[in-house]
Amino acid sequence: MTTATAIVAGHGLTLRRSLPLPNPPGRPTTSVSLSARPVTPAGRRMIVPASPSPRGCRCRSISSETSPTAASAAADVTEDEIEEDDVDPQAEVCYLDPDADPESIREWELDFCSRPILDARGKKVWELVVCDATLSLQFTRYFPNNAINSVTLRDALASVPEALGVPLPDRVRFFRSQMQTIITRACGELGVKAVPSRRCVSLLLWLEERYEAVYSRHPGFQAGTRPLLALDNPFPTMLPDNLVGDKWAFVQLPFSAVREEVESLKRRYAFGAGLDLDLLGFEIEDSTLVPGVAAESSRAKPLAAWMNGLEICAMEADTGRGSLILSAGVSTRYVYSGYQKTPAATQEAEAWEAAKKACGGLHFLAIQENLNSDGCVGFWLLLDLPPPPV
């Protein structure tokens with residue numbers, strides 16, 4: 001192997017270049033580079049509000065790596081905050097951050113599903129949860145299970161602008177494929193585009209927090225109840241021809257540089273998507289290397305444009321099948337590329353997955369005209385998240 005350097009948006013990325021590795025059957029062979037540089041473990045702190053506060057979002061943090069002393073102190077703070085907030089698990093949320101500009105909230109995230117709660121009839125309670133990516137807007141409403149249809153949802157969504165003084169959004173993201181028909185119909189009648197996507201990071205983390213702080217404290221809570229509408233994880237299919245690049249490489253970027261890319265995303269690139277790293281509260285050293293995938297294409301701009309419409313949410317190295325998996329939308333998984341399952345290639349793919357885990361699931365996809373070029377055509381910040389507990 002020889003040492004090479006790939007450049008992503010002006011940042012040098014060291015990688016080890018392997019021999020060309022084959023794609024799945026039916027695809028022409030592309031060059032693949034894998035990097036096995038270890039990354040210092042780092043924890044991720046997720047910050048989401050259990051309920052709104054009149055002083056704005058008061059958040060509790062959860063760290064994946066905490067010392068016993070710190071964990072005890074965090075537990076004390078959490079208990080104090082719960083007592084101070086006095087969260088009523090049966091109350092509905094209708095909140096807009098007073099510092100937010102209502103006209104700027106043009107995209108919502110939505111979940112409409114049953115909860116592990118029984119009503120007086122012994123039937124499961126359903127809930128509508130709406131927020132924006134910054135959690136400046138928060139809205140919840142409970143429903144009986146015999147009122148679940150697109151008309152109910154449409155009317156509930158229409159009441160959000162009336163209650164909070166915000167306009168209807170341009171787009172609403174949702175992550176449950178089983179609810180696509182109802183959500184799409186309800187949004188369509190309001191002139192809102194419904195977008196199936198697992199890039200509902202704020203919503204997913206808020207649901208996780210609500211499970212602990214709200215649902216589990218509800219008098220009708222049923223412990224051990226499995227989600228009625230579990231997330232799909234279908235077998236991956238072949239990548240469409242228009243999404244196939246010329247080369248790809250496993251690369252790494254310092255966390256400080258990842259922040260720069262996200263902050264300059266709208267100014268620098270026409271294609272891509274970031275994440276609110278401040279809201280997510282990642283506790284990662286600036287020098288920590290975040291793993292990613294860089295793709296090279298002679299038609300980089302068209303490729304990035306097509307990728308931009310996919311709602312890309314994660315990438316995964318499947319060492320069992322010797323392939324790289326791209327997850328998009330709510331239930332779409334593609335075999336992005338394959339590689340020969342040699343011991344060295346497997347070890348390098350496992351190292352990439354380990355680096356991703358060490359960064360709390362944070363990773364990225366960069367599309368370039370050349371792996372050695374100074375800049376990207378598109379940049380997507382991605383995050384592995386477990387399915388919500390509801």
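Within the structure, salt bridge (charged side-chain N to carboxylate O under 4.0 Å, His left out) pairs that include any residue of residues 154-165 comprise Arg154-Glu189 (at least two apart or interchain). Sorted pairs that involve residues 290-304 and meet salt bridge (charged side-chain N to carboxylate O under 4.0 Å, His left out), not counting sequence neighbours, are lacking altogether.
Within the 4.5 Å cutoff, no side-chain heavy atoms of Glu285 are placed close to those of Phe255. The shortest distance between side-chain heavy atoms of Arg210 and Glu127 falls below 4.5 Å. Side-chain contact between Arg333 and Ser327: present, with at least one pair of heavy atoms (C-beta onward) separated by less than 4.5 Å. In this structure, the side chains of Pro254 and Val290 stay at 4.5 Å or more apart for every pair of heavy atoms. Annotation: side chain of Trp206 is in contact with side chain of Leu135 (closest heavy-atom distance under 4.5 Å). Between Tyr334 and Pro236, every side-chain heavy-atom pair lies at or beyond the 4.5 Å cut-off. A heavy-atom distance below 4.5 Å is found between the side chains of Pro219 and Gln90. Considering only heavy atoms from C-beta on, Glu261 comes within 4.5 Å of Leu253 through its side chain.
Hydrophobic clustering (ILVMFWY, side-chain heavy atoms < 4.5 Å, transitive): Leu190 and Trp108 are in one cluster. Side-chain heavy atoms closer than 4.5 Å link hydrophobic residues (I, L, V, M, F, W, Y) into clusters, and following such links, possibly through other members, connects Leu203 to Leu385. In the hydrophobic cluster analysis, where Ile, Leu, Val, Met, Phe, Trp and Tyr join through side-chain heavy atoms closer than 4.5 angstrom, Leu118 is grouped apart from Tyr215. With hydrophobic clusters built from ILVMFWY side chains whose heavy atoms lie under 4.5 angstrom apart, Val160 does not share a cluster with Val195.
Residues Asp318 and Lys341 are not paired through a salt bridge, judged by the lack of any N-O separation under 4.0 Å between the basic side chain and the carboxylate.
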Which side-chain N or O atoms in residues 376-383 pair as donor and acceptor under 3.5 Å with protein atoms at least two apart or in another chain?
none

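Not less than 6.0 angstrom separates the ring centroid of Phe174 from the ring centroid of Phe112.
Remark: Arg185 CZ is loosely packed, at most 12 non-hydrogen atoms of other residues, nucleotides or ligands lying under 6.0 Å away.
Between the side chain of Arg199 and the backbone N or O of Gly274, at least one donor-acceptor pair lies under 3.5 Å.
Across all their heavy atoms, Ala133 and Leu279 have their closest contact at O-CD2, 3.2 Å.
Taking the six-membered ring where the residue is Trp, Trp352 and Phe250 present parallel rings, their angle staying beneath 30° rather than reaching 60°.
For the side-chain contact (heavy atoms from CB on, under 4.5 Å) with Phe175, the qualifying choice from Ser197, Pro388, Pro196, Cys313 is Pro388, the only one to do so.
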